[in-house]
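In what follows, chains are A, B, ... by sequence order, proteins preceding strands, each numbered from 1. Values below: all heavy atoms of this structure, side chains included; hydrogens, waters and symmetry mates excluded.
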Amino acid sequence: MYKIQIPKILWGHFYIFAENACMNTILVAKEVTKKFGEHTALNKVSLEIPKNSIYGLLGPNGAGKTTLIRIINQITYPDNGQVFFDGELLQPHHIAMIGYLPEERGLYKSMKVGEQALYLAQLKGLSKVEAKKRLKYWFEKLEIGDWWNKKVQELSKGMAQKIQFIVTVLHQPKLLIFDEPFSGFDPINANIIKDEIINLKNDGASIIFSTHRMESVEELCEHIALLHNAEKILDGKLSDIKNQYKNNIYKVGLEVEGRERFIAELSDKFLVTEAVMDRMDQQIDFLVQLPSEDSREFLTYVSEKAKVHSFIETIPSANDIFIQTVQTKSTDE
Amino acid sequence: MNKLGLIIKREYLAKVRNKSFVIMTFLSPILMVGMIVLIAYLTKINDSEIRIIAVLNQSDYFSTDFATTESTAYINFKGISIEEARDSTLSSGFYGLLHIPDNSELERVAGNAFFYTKEAPSTAIVDKLEDIFQERLRQRKLIDLGVTAEEYAAIDNKFEIKTATFAGEQNLKGLNEIKAIIGGSFGYLIMMFIIIYGGFVMRSVIEEKTSRIIEVIISSVKPFQLMLGKIIGTSLAGITQFGIWIISASLLLLVVVYSFGVDPSGLSEAATLPSDTVAQMTATPAATDTMQLYAEELYKIPWLMLISFFVVYFLLGYLIYSSIYAAIGAAVDNETDTQQFIFPIILPLMLAIYVGFFSVFSNPHGPIAVGFSLFPLTSPIVMLMRLPGGIGEGGVPIWQLLTSIAVLIITFIGIVWLAAKIYRVGILMYGKKPTYRELFKWLKY
């Protein structure tokens, strides 16, 4: 793995939706603070979660993600700060418009699947008839129609997760919160669920997605926020953040006679790292950091001396950004 | 249907459909009736055993006193030595040998009499023998004092004082005990209900925690709603179970009484009433009158008042205790961790029952009875033990009743508020073994 040198960023200054924020956000948190005794779980965290998108809520263990999610679900209440749902101050009736799949989730073991799904749907305010209709639809969609009369204790973990997913989305909430939705699923079923999440988004739902699996963040999220030690240290559009984090590092593959000498000469002019020469005689792969976004000078220089095969800008992955930001933040403190 | 209704319905059905609950519901009356039948049967066997006692009477006294009764037979040895008598008693397998030595003085005879048995003698037999000696000695003393046998017979009658309250209400002897027992059974019922169904509430909370469904549920309903629904649903299941128990046990008992001819009423009355009252009620012909009086008195007990207060105290007491149980369930991860918290709950309940039986029965309106019937954690039980005596003059003063209920209601609100706070925090805490200090901190979250 290569090292990226990160320019200092002013954290938390991405007011992407500064204008008409109310119109385009499903949820706004303003300076939300929550303390448990001496321990601060959230310290003045502000977030704006845009409508009809998938928002990645990231952070190491104990960063305060679950507390924030519980505040959104009105399971706990903030000590300070406000949360707005669709432009209104968060109120009990909003619960019916939120679907929450917690990380610590389970079902009543001795209850039958159908009965239990009906119960949970009714608690979300659906009528029995409506709940039954929608459950039938979802059970067929996920091919679990024959489970209706099974007891939960007969199901495997993955099967139970499917039921929980259905129950979370059944009441067609405006805002869906998934906390590690793929845990317990095999790759095939994880894919099915991932597709369903994308479908839900396409149907108009806004989704908060909390996970440690960065590849799914990369795949799904348009926006992210990074919490660390009860504070938000980064948020914004994932592509913008990546642009902020990229630092003109390019991966270059070329063919040249006298590789060592070439690299030595090049290193005088540019910052070259990780040169690999173990392939064919004249082949070199290396990373180079350019002083600016303008790559013409470099390309002119190189193309005079070598045959360039590839020239690719490296964009940091969500994983890199996550680790980098958290580590930088930790050493700063 | 609103959310609370849904929760109550689910809790009720989950409880009632539970296999062990169903088995307990239908097995318990059978076990209970079986136990009564067994005790009745064993008592019968016990009673029908006849003990044979050999009497070696070398004196001139007591010649007619040792008459064979239902349970004891006397065999007189004549003209043999004490050693011979002992040998033949042993070889015949008699229960014991009563040796009355020869002497001219009755006191000496009695003083030197010995009762020999193989093992330590039963106290009932010894009592019986002692009574015979005592009676003889008393008669002898009276004769010495110049009282004739006729005169003695004339003064030998029992006296019972009539009691009444200043309000003019006449009391029957033993009635206060009966009233206390009625109150006591109400109190006992409350205690049993709290311990059984409070435990159910607690286990149900723990189950929700360990199955990790709790966070899903409380993202739809308020934790307080869930707790309340759980308590109400479980108690409805409990009331159903109690109802089935009472009905089926009475039916079974009827069947047993009619088909086997076992008389369980004698048993239960013998256990509850003072023995002389029972003797009076069953033995003497005049008993029917007394029986009727008792029936009238029982009828006069203010049942409606009693049952309404039973409902009030039952509801408040049960809600207080079961919300504590719910809070405990929320605080722990598994049932083994509950012990340290359960004991302080059981303590006031036990105290109430024992104080009730020992203090309230003998003095229903004494300072201890009053104190415990005002203290909210014991009042549901102790006050119910006092209430059959009536309200107002001669009974529980109205101010005490009102104070007790007011204190109970205030406590109820306070405890439920505290329990709900612990519950709300506790249900989301995993993998922690809480201490009292921790719980105290949770109150501030």
Side-chain angles (χ1 to χ4, degrees), chain A residues 34-39 41 66-67 69-77 79 92 94-96 98-112 115-128 131 151-153 157 160 163-165 167-168 170-171 173 175 177 179 184, chain B residues 1-22 203-226 229-230 233 333 421 423-432 437-445:
Chain A
K34 177 74 185 174
K35 284 181 177 157
F36 294 109
E38 306 279 284
H39 173 71
T66 306
T67 306
I69 291 174
R70 282 178 181 166
I71 285 173
I72 296 170
N73 279 293
Q74 301 175 57
I75 292 170
T76 48
Y77 299 90
D79 299 335
H94 289 133
I95 277 180
I98 301 176
Y100 174 35
L101 184 72
E103 187 181 5
E104 293 278 5
R105 53 184 178 258
L107 295 165
Y108 289 111
K109 288 202 172 55
S110 50
M111 243 176 138
K112 282 180 182 163
E115 204 180 4
Q116 177 149 215
L118 265 182
Y119 171 64
L120 294 172
Q122 281 176 282
L123 282 187
K124 277 289 185 189
L126 288 180
S127 75
K128 197 169 181 177
K151 278 197 172 178
V152 171
Q153 56 204 7
K157 195 181 172 197
I163 314 279
Q164 285 155 351
F165 178 81
V167 167
T168 310
L170 197 72
H171 58 292
L175 175 66
I177 303 172
D179 199 346
Chain B
M1 200 187 291
N2 67 21
K3 290 177 181 179
L4 186 63
L6 281 168
I7 298 167
I8 293 173
K9 190 177 145 206
R10 197 211 78 85
E11 291 297 329
Y12 180 81
L13 290 178
K15 203 74 247 162
V16 186
R17 285 183 193 160
N18 183 293
K19 270 197 197 105
S20 57
F21 185 86
V22 173
R203 275 190 290 278
S204 160
V205 175
I206 294 175
E207 190 216 325
E208 269 172 5
K209 249 188 111 171
T210 49
S211 72
R212 297 287 194 267
I213 195 174
I214 187 73
E215 200 163 344
V216 178
I217 304 271
I218 58 165
S219 66
S220 307
V221 300
K222 295 240 162 301
F224 183 69
Q225 270 179 316
L226 180 62
K230 201 171 266 301
D333 268 345
K421 279 205 130 184
Y423 180 83
R424 197 167 59 86
V425 179
I427 43 177
L428 294 172
M429 293 274 178
Y430 298 118
K432 276 187 187 168
R437 216 166 123 183
E438 190 95 6
L439 292 191
F440 185 70
K441 266 206 246 159
W442 291 1
L443 295 179
K444 290 184 276 185
Y445 282 4

Discussion item. For the CD atom of Q74(A) and the CD1 atom of I98(A), what is their distance to the nearest 0.5 Å?
Written reply: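 Result: 6.5 Å between the selected atoms.
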Which atoms of V221(B) are under 4.5 Å from chain A, going by heavy atoms: the side chain, the backbone, both sets, or neither?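 When you check distances to chain A, only side chain atoms of V221(B) fall under 4.5 Å.
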- Side chain, backbone, both or neither: which part of Q164(A) has a non-hydrogen atom closer than 4.5 Å to chain B?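 Contact with chain B is absent: no heavy atom of Q164(A) under 4.5 Å.
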Other residues, nucleotides and ligands only: do more than 12 of their heavy atoms fall within 6.0 Å of OH on Y77(A)?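 Yes, the 6.0 Å shell around OH holds more than 12 heavy atoms from other groups.
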Practice prompt. Supply the atom-to-atom distance I8(B) CD1 to K3(B) NZ, rounded to the nearest 0.5 angstrom.
Written response: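 The distance works out to 14.5 Å.
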Among all residues two or more places apart in sequence or in another chain, which pass the salt bridge (Lys or Arg N to Asp or Glu O under 4.0 Å) test with E103(A)?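 Counting only residues at least two positions away or on another chain, E103(A) forms no salt bridge (Lys or Arg N to Asp or Glu O under 4.0 Å).
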| query | Between T168(A), V167(A), L107(A), I95(A), which residue shows the highest count of heavy-atom pairs closer than 4.5 Å to chain B? | reply |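 Result: the option with the highest number of such pairs is L107(A).
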query: Under 4.5 Å between any side-chain heavy atoms of L175(A) and I72(A), yes or no?
result: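 Yes; the side chains approach each other to less than 4.5 Å.
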Q.
If you count heavy-atom pairs within less than 4.5 Å of chain A, which of K222(B), R424(B), E208(B) leads?
A.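 Most heavy-atom pairs under 4.5 Å with chain A: E208(B).
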Q) Which residue out of K124(A), Q116(A), R70(A) racks up the most heavy-atom pairs below 4.5 Å with chain B? A)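 Heavy-atom pair counts peak at R70(A).
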For the backbone of G426(B) and the side chain of K209(B), can you confirm whether one donor and one acceptor N or O come within less than 3.5 Å of each other?
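Looks like yes, one N/O pair under 3.5 Å.
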inquiry  = For residues 11-21 of chain B, give me every residue with a non-hydrogen atom less than 4.5 Å from any non-hydrogen atom of chain A.
reply    =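 When heavy atoms of chain A are the reference, residues 11-21 of chain B contributes E11(B), R17(B) within the under-4.5 Å range.
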Margin query: For the residue pair K230(B) / S204(B), report whether a side-chain donor-acceptor contact shorter than 3.5 Å exists.
Written below: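 Note: S204(B) and K230(B) side chains meet the donor-acceptor criterion.
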- Query: Salt bridge between K109(A) and E207(B), side-chain N to carboxylate O under 4.0 Å?
  - Reply: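 Looking at E207(B) together with K109(A), the answer is no, because their closest N to O distance does not fall below 4.0 Å.
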Heavy-atom pairs under 4.5 Å with chain B, option from Y119(A), Y108(A), F36(A) with the top count =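 Max contact count across the listed options: Y108(A).
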Check: Just by modelled atom types, is the K35(A) backbone N or O under 3.5 Å from a matching donor or acceptor in the D79(A) side chain?
Finding: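 Yes; at least one donor-acceptor contact below 3.5 Å.
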L428(B) versus chain A, heavy atoms under 4.5 Å apart: side chain, backbone, both or neither?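 Both backbone and side chain.
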